[in-house]
Amino acid sequence: MNPPLRSLLFVPGDSERKLEKSLGTSADALIFDLEDAVAPERKSLAREMVAQHLADRKANEGPQLWVRINPVSSGNAGAELEAVLSRNLAGIVLPKAEGPEDIRIISSKLDELERGAEQPIAILPVVTETARAALTLHRYLDTDLPRLYGMTWGAEDLSADIGATTNRDPDGRFAFTYRMVRSQALLAATAVGIEAVDTVYTDFRDIEGLREDSRRSYREGFSGRLAIHPAQVDVINESYSPAAEDIAHAERVVAAFEANSGMGTVGLDGKMLDRPHLLQAQKVLSLASSITQADRK
Ligand code: COA
Ligand code: MG
């Protein structure tokens, strides 16, 4: 089993310096951006630069390479896919995804371009960028979309769609509407059986805040998060990997069930454990071993 991507670092597609620098980070994936990080008059330049960086990539080592294209509604997505297609391209981030039909449009374009590649290009949509999209996430359930890697969410475009002047409460955390759509993305991804990828932590100088927020997000069930600055990568990788004490605890839970085989419920440290605790412990151990096998530190 391939471990999920923990850190996915955005890199503005029109910045030679950042493109160069990003390749040396320990991000699990880079997302070369053609959308909001690039000014409209530089979009075609960015497209060429990103295509060149993908083509120049030599060995299949280092971060996976992903590209954020422009939304289906821009009318440019197809041409962008043609331009950036490369055997080094691992996936596409689709912004402002309105629903499964947008994923189908991108998938069929990729089918046409790829023709039976060994490692099909994956798709990670941002599923909460309009009120309509956020309200209709259930439409992803019972669809057959094999390229779908996961779902991620964002608060900036949604607050613009709503016409809100802020998406934060006075104490700095996301306001209820944004926490709600975040939970909906987590539930929808789980129900579909794909990864839930948490959004960016915009205050990139606040590394301790990022650590706390990411640790909480990992415990809630997100498998990774978007990053905007190289300084965020190591903290994110660490936060979305089981910590030594999580692994030790999971081993004790599994051992307690093994020592009481046939029992649905066991006690450990004065607390009751039943089947969900066992499943959760097994999940922690399997994630830890897949990260070790993939040799990600
Ligand atoms: N990818 C690669 N390199 C990056 C980077 C990124 N996302 N963000 C910063 N760097 C580099 C800088 O170029 C700089 O390198 P240098 O010293 O060799 O010039 C170094 O890291 C330190 O950067 P710093 O000065 O701390 O930040 P900055 O002011 O240059 O940039 C941002 C701040 C937010 C503009 C920048 O981090 C960025 O562009 N992030 C990505 C934004 C994005 O893609 N958003 C879209 C999704 S929300
Ligand atoms: Mg945006």
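Residues: numbered from 1 along the sequence shown. Ligands are counted one by one from 1 in listed order, and the atoms in each one are counted from 1 as well.
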Looking just at side-chain N and O atoms, do N70 and K43 make a donor-acceptor pair shorter than 3.5 Å?
yes

Linking I/L/V/M/F/W/Y whenever any side-chain heavy atoms sit under 4.5 Å apart, do V127 and V192 land together?
yes

Do any nitrogen or oxygen atoms of I228 lie less than 3.5 angstrom from nitrogen or oxygen atoms of ligand 1?
yes

More than 12 heavy atoms from other groups under 6.0 Å of CD on Q280
no

If we number the atoms of ligand 1 from 1 as shown, the ones under 4.0 Å from a heavy atom of D33 are 46 (C)

Are the side chain of S214 and the backbone of I236 linked by a donor-acceptor contact shorter than 3.5 Å?
no

Could you pull out the atom name of the N/O/S atom in D36 that is nearest the Mg ion (ligand 2)?
OD2

For atom 33 (C) of ligand 1, tell me which residue out of F10, F204, F32 has the closest non-hydrogen atom.
F204

Any atoms of ligand 1 less than 4.0 Å from a non-hydrogen atom of R17? List them with their elements.
16 (P), 18 (O), 19 (O)

Taking the Mg ion (ligand 2) as the reference point, name the nearest N/O/S atom of D157.
OD2

Checking a contact table here: which protein heavy atom is nearest atom 13 (O) of ligand 1, and how many Å away?
K18 CG, 3.5 Å

Is T25 reaching over with its side chain to a backbone N or O of K21, donor-acceptor style, under 3.5 angstrom?
no

Shortest heavy-atom approach to atom 9 (C) of ligand 1 - which of P230, G24, P12, A231
P230

Using only heavy-atom distances, determine whether the side chains of E16 and H53 contain a donor-acceptor pair under 3.5 Å.
yes

Subset of ligand 1 atoms that lie under 4.0 Å from at least one heavy atom of A37
43 (C), 44 (O), 45 (N), 46 (C)

I need the atoms of ligand 1 closer than 4.0 Å to a non-hydrogen atom of R68, numbered in the order shown.
46 (C), 47 (C)

Would S22 count as a polar contact of ligand 1, with the cut-off being nitrogen or oxygen pairs under 3.5 Å?
no

Walk me through whether W153 and F174 qualify under ring-ring contact (aromatic ring centres under 6.0 Å, His included).
CA-CA 13 Å; W153 75 284; F174 281 120; 5.3 Å; yes

How far is atom 20 (C) of ligand 1 from its nearest protein heavy atom, and which residue and atom name does that atom have?
K21 CE, 3.9 Å

Set out, in order, the CA-CA distance, both residues' side-chain angles and the distance that settles salt bridge (Lys or Arg N to Asp or Glu O under 4.0 Å) for K96 and D36, then state yes or no.
CA-CA 11 Å; K96 301 176 182 68; D36 286 350; 3.4 Å; yes

For H229, counting its heavy atoms only, list the atoms of ligand 1 lying under 4.0 Å from any of them.
8 (N), 9 (C), 22 (C), 23 (O), 24 (P), 26 (O), 27 (O), 37 (O)

Say whether R205, considering both its backbone and side-chain N or O atoms, lies within less than 3.5 Å of an N or O atom on ligand 1.
yes

Do the side chains of L273 and M263 join up, straight or via other hydrophobic residues, at under 4.5 Å, putting them in one cluster?
yes

Is there at least one pair of N or O atoms, one from L9 and one from ligand 1, spaced under 3.5 Å apart?
no

Can you tell me if D198 and S217 form a side-chain donor-acceptor pair at under 3.5 Å?
yes

Does any donor atom in the side chain of R225 or S7 lie under 3.5 Å from an acceptor atom in the other side chain?
no

Yes or no, since that's all I need: does a protein heavy atom fall within a distance strictly under 4.0 Å of atom 28 (P) of ligand 1?
no

Below 2.8 Å, can you find an N, O or S atom of E156 next to the Mg ion (ligand 2)?
no

